[in-house]
Amino acid sequence: MYSRILSRSKARRILLLFVVALVAMLISISLGSVHIPLNDLISTVAGRSKNISPLLENIILEVRLPRIVLSFLTGLALGASGTVMQSLLQNPLASSYTLGVSSGASLGASIVMLLGLSFATPTIAMSAGGFIFGLITVFLVLLFAQRYSNRLDNQTVILVGLVFSLFVNAFLTLIMTFSPDYMQRLFFWQLGSFSGASWENVWLLSPILVFSFFFLFYFHREMDILSFGDAFALSQGVEVKRTKFILIGFSSLLTGVSVAMTGVIGFVDLIAPHLARRLFGATHKWVLPSSALLGGLLCVIADTLARSIIAPREIPIGAVTALIGVPFFCHIFFRKGKK
């Protein structure tokens, strides 16, 4: 009886979190270098925009709306990915970035950008390049970690991931050094931005996000067990190595596609899981969706600040999330140290 009441309470809190995220998205669309009244915004989205100028309608439907939706979807992907990585590797600082996904995706997208490769559209080409290189990096990390520890020991995976990240970042630095014409563009792209968002990005990310999220959610019980350690998981009949490969692969898929479309956006996949666990406990049935929603909310807020603080200029969103994330983690670690 108590567990049913608790489950209903958590379900209501997740629904409330979703409503808060939607309200934040509406407010975010109205803010910026061009202020949009909420009644005009709601009328345009609802299809009743007869008295609204075509310019304002275009700003809402083709500039602001796809940007906010993409920022929310990216946050969902990063929040879910960070939750899985922290649970599997039993490390509060673990993420897909730790395993070199961001570095690999950045390298792939940079190579596509420099070589001018284009199939279908430039957006699809960069996304595909970033996604492929991100997954290749993770595959190599897991391959090398397995050679050292057959059971994919958590600390080994993290250490190998950090080494590969540094190695790939060295290649990125070389590319930027020998391509001065693209240096500024590559630099700002690595700091992350939603300024080039379009509905094309949204349609590309949406099916991958939905499929990957529900696939990860299917393993929520295994993640609960793995969070107690590999030895305990083996005693409960979980195929540790196979499960880790699958979950790390799909988490990397979420991060790789997001990074390839928007650039590197740090700290969201670290902050969201911590907040989710404080609000919903440690059960992944609740932590995974709540962390995804919190990640989406954080990205929407960060993007709003990035384009509003010094409007009409923009601050890279990676800088905003770092300014939010660093004090957050200082607070966590100092509090743990005092305890």
Contact between [X] and [Y] at the side-chain level, heavy atoms closer than 4.5 Å - yes or no?
X      : Y      : value
Thr321 : Leu298 : no
Ser106 : Val259 : yes
Phe232 : Ile225 : yes
Leu293 : Ile14  : yes
Pro66  : Asn201 : no
Val69  : Met25  : yes

Is it true that, when you exclude [X] itself, more than 12 heavy atoms of the residues, nucleotides or ligands shown sit nearer than 6.0 Å to its [atom1]?
X      : atom1 : value
Phe217 : CZ    : yes
Gln236 : CD    : yes
Phe228 : CZ    : no

Where [X] and [Y] come nearest, the two heavy atoms and their spacing:
X      : Y      : value
Leu253 : Ser212 : CD2-OG, 3.2 Å
Val168 : Gly104 : CG1-N, 3.9 Å
Arg13  : Leu279 : NH1-O, 2.6 Å
Gly295 : Ala272 : N-CB, 3.7 Å
Gln86  : Asp269 : NE2-O, 3.5 Å
Ala233 : Leu226 : CB-CD2, 3.6 Å

* Asked: Checking side-chain contact (heavy atoms from CB on, under 4.5 Å) for the pair Ser87/Arg277: CA distance, chi angles, key distance, verdict?
  -> CA-CA 11 Å; Ser87 298; Arg277 289 190 184 95; 3.3 Å; yes

Would a distance-only check, ignoring hydrogens and angles, find a side-chain to backbone donor-acceptor pair under 3.5 Å from [X] to [Y]?
X      : Y      : value
Ser308 : Leu305 : no
Ser71  : Ile68  : yes
Asn169 : Ser165 : yes
Ser30  : Ile27  : yes

* Step by step, work out the side-chain contact (heavy atoms from CB on, under 4.5 Å) result for Leu204 and Ile208. => CA-CA 7 Å; Leu204 275 172; Ile208 296 171; 5.8 Å; no

* Can Leu78 and Thr255 be said to form a side-chain contact (heavy atoms from CB on, under 4.5 Å), step by step? -> CA-CA 6 Å; Leu78 294 175; Thr255 307; 4.2 Å; yes

* Apply salt bridge (Lys or Arg N to Asp or Glu O under 4.0 Å) to Glu222 and Lys285, showing your working. => CA-CA 11 Å; Glu222 285 80 356; Lys285 179 182 178 181; over 6 Å; no

I'd like to know if [Y] and [X] are part of one continuous hydrophobic network [Ile/Leu/Val/Met/Phe/Trp/Tyr, side-chain heavy atoms within less than 4.5 Å].
X      : Y      : result
Phe215 : Val257 : yes
Leu323 : Leu270 : no
Phe144 : Val163 : no
Phe133 : Leu166 : no
Val63  : Leu70  : no

Between [atom1] of [X] and [atom2] of [Y], what distance do you get to the nearest 0.5 Å?
X      : Y      : atom1 : atom2 : value
Phe194 : Thr74  : CZ    : OG1   : 4.0 Å
Leu247 : Met85  : CG    : CE    : 9.0 Å
Arg67  : Ser28  : CZ    : OG    : 8.5 Å
Lys241 : Lys244 : NZ    : NZ    : 11.5 Å
Leu288 : Met223 : CG    : CE    : 5.0 Å
Leu73  : Leu254 : CG    : CG    : 11.0 Å

* Are side-chain N/O atoms of His284 and Thr83 paired as donor and acceptor at under 3.5 Å? ->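 Side-chain D/A pair, His284 to Thr83: absent.
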
* **Phe250 vs Phe213, ring-ring contact (aromatic ring centres under 6.0 Å, His included): CA-CA, chis, key distance, verdict** => CA-CA 8 Å; Phe250 273 90; Phe213 179 81; over 10 Å; no

* Step by step, work out the ring-ring contact (aromatic ring centres under 6.0 Å, His included) result for Tyr218 and Phe214. => CA-CA 6 Å; Tyr218 178 78; Phe214 283 105; over 10 Å; no

* To do: Take Trp199 and Leu65 through the side-chain contact (heavy atoms from CB on, under 4.5 Å) test and state the conclusion after the steps.
  => CA-CA 9 Å; Trp199 287 115; Leu65 195 55; 3.8 Å; yes

